[in-house]
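Owing to the predicted nature of the structure, the values given are computational and were not obtained by experimental measurement. For the single chain, residues carry numbers from 1 onward in sequence order.
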Amino acid sequence: MGVSKTYYENAPIILSIIQFRYNKIERFDINIVKEIAKRFKSNFPVVNERFVQSIVVNNDSSETSVSLEDKQFDGIQVISKNRQEIFTITETKFTFQSHEKYTGWDNFIKNAFKFWDEFNEFFDLNELNGISLRYVNKIKLPLDVKEISKYFNTYLKDDKNSFSISNFQFRFTTLDRENNFNINISHILDTPLEDSVPYIFDIDILYNSVIKNDRELVISLFEKIRDKKNQLFNEGITEETKKIIS
């Protein structure tokens, strides 16, 4: 079975994110985005404007003062009825994130492109600055887990010492030069629950080069990123973990 076609009955994906990046849209109008969002109102009824504030630390006087800058508009969020799916649209990014149970690549990308196609048709973007996919996996390890190496092929190890680690988090970045992918991978061992030990395996793959905004070309590149993600996931877990999620 090919890597890209591997299917796990109990897929551990708890968050999936797809993103399009583009040059700043000078004629970006939140009211236009809201009008587009109305076409999806039956499934995505919540539309919120998003604002950000920066903290300002001033050391010019004898005493340090901390204040907040004025709120600045940062985009629109279009949210599903159950708040498990969110589109976040700004002048430079279009992001779709889903906390729903992952039911396969075809459904995920179809849901993302429904809104993207409408948005893209109106603003008529000629090119993209990059695209990316991120998948956060939460795998429930047995409570009696002793050796992480039994379940994952990347882990913390010290041959000179013996010590106990109840929680840890580490992140590494690499580059797939052949495909020009920037890859961020995180591992987190969380606090044990009543019946299991949560382990987070987070894979984020970014393509940061300019690409013509052609639908077939973009989908093809997304599929190549997805295949890379599947490869990294399958190479990062052991047969014991595959039993847990199959």
Side-chain angles (χ1 to χ4, degrees), residues 15-58 66-81 83-99 108-136 173 175-176 179-184 204-226 228-229:
L15 173 62
S16 44
I17 300 175
I18 187 170
Q19 185 177 83
F20 306 78
R21 296 183 295 280
Y22 37 82
N23 288 331
K24 182 178 179 181
I25 300 175
E26 298 299 337
R27 57 190 180 93
F28 187 81
D29 186 333
I30 60 173
N31 292 316
I32 292 173
V33 180
K34 288 179 179 179
E35 284 299 315
I36 298 173
K38 286 181 181 179
R39 303 173 191 177
F40 304 90
K41 189 174 182 179
S42 59
N43 293 318
F44 288 82
V46 182
V47 179
N48 294 329
E49 295 181 23
R50 197 173 76 163
F51 297 87
V52 294
Q53 281 182 290
S54 298
I55 296 175
V56 179
V57 179
N58 189 340
V66 180
S67 60
L68 290 175
E69 288 185 340
D70 292 337
K71 290 182 179 179
Q72 294 185 351
F73 173 72
D74 188 49
I76 293 285
Q77 285 193 322
V78 183
I79 307 170
S80 64
K81 287 180 181 178
R83 296 185 174 271
Q84 294 300 296
E85 294 182 317
I86 302 171
F87 289 96
T88 303
I89 304 153
T90 74
E91 296 173 334
T92 59
K93 296 177 183 177
F94 183 105
T95 308
F96 173 62
Q97 66 182 70
S98 175
H99 296 269
F108 175 62
I109 198 166
K110 181 177 71 174
N111 291 340
F113 266 80
K114 281 181 182 178
F115 201 137
W116 168 253
D117 284 340
E118 298 278 354
F119 174 83
N120 188 35
E121 181 179 353
F122 184 88
F123 288 100
D124 192 25
L125 303 170
N126 294 320
E127 60 183 26
L128 301 175
N129 289 337
I131 60 177
S132 59
L133 288 174
R134 180 183 176 191
Y135 286 82
V136 180
T173 300
L175 176 65
D176 178 343
N179 294 302
N180 196 23
F181 294 160
N182 288 296
I183 302 168
N184 301 311
D204 188 14
I205 303 179
L206 304 91
Y207 180 83
N208 290 327
S209 296
V210 174
I211 179 177
K212 181 181 177 182
N213 189 16
D214 174 81
R215 196 178 194 276
E216 290 187 9
L217 179 63
V218 173
I219 289 179
S220 176
L221 183 54
F222 268 127
E223 289 178 344
K224 185 179 288 187
I225 296 174
R226 186 274 309 259
K228 184 66 179 181
K229 182 273 299 182

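Of the residues Thr90, Thr95, Thr88, the one that meets the side-chain hydrogen bond (donor to acceptor under 3.5 Å, both in side chains) test with Gln77 is Thr88. Evaluated for a ring pair (Phe, Tyr, Trp, His ring centres under 6.0 Å) with Phe96, the options Phe222, Phe119, Phe108, Trp116 yield exactly one hit, Phe108. For the ring pair (Phe, Tyr, Trp, His ring centres under 6.0 Å) with Phe115, the qualifying choice from Phe44, Phe20, Phe94 is Phe94, the only one to do so.
Annotation: side-chain hydrogen bond (donor to acceptor under 3.5 Å, both in side chains) contacts of Arg21 (sequence neighbours excluded): Gln19, Ser132, Asn208.
Proximity of Glu118 to Phe40: side-chain heavy atoms (C-beta onward) are separated by under 4.5 Å at one or more points. Between Leu125 and Ile25, some side-chain heavy-atom pair lies under the 4.5 Å cut-off. Contact annotation: the side chain of Ile183 approaches that of Ile205 to within less than 4.5 Å [non-hydrogen atoms, C-beta and beyond]. Counting heavy atoms from C-beta outward, Lys34 and Glu49 have side chains that approach closer than 4.5 Å. Considering only heavy atoms from C-beta on, Asn126 stays 4.5 Å or farther from Lys212 through its side chain. The shortest side-chain heavy-atom distance between Val33 and Phe87 does not fall under the 4.5 Å cut-off.
Under a 4.0 Å N-O distance rule, the pair Glu223/Arg226 does not qualify as a salt bridge.
Side-chain contact of Asn43 with Ser80: a donor-acceptor pair under 3.5 Å is absent, judged by distance alone.
Within 6.0 Å of NZ on Lys81 lie no more than 12 heavy atoms contributed by other residues, nucleotides or ligands.
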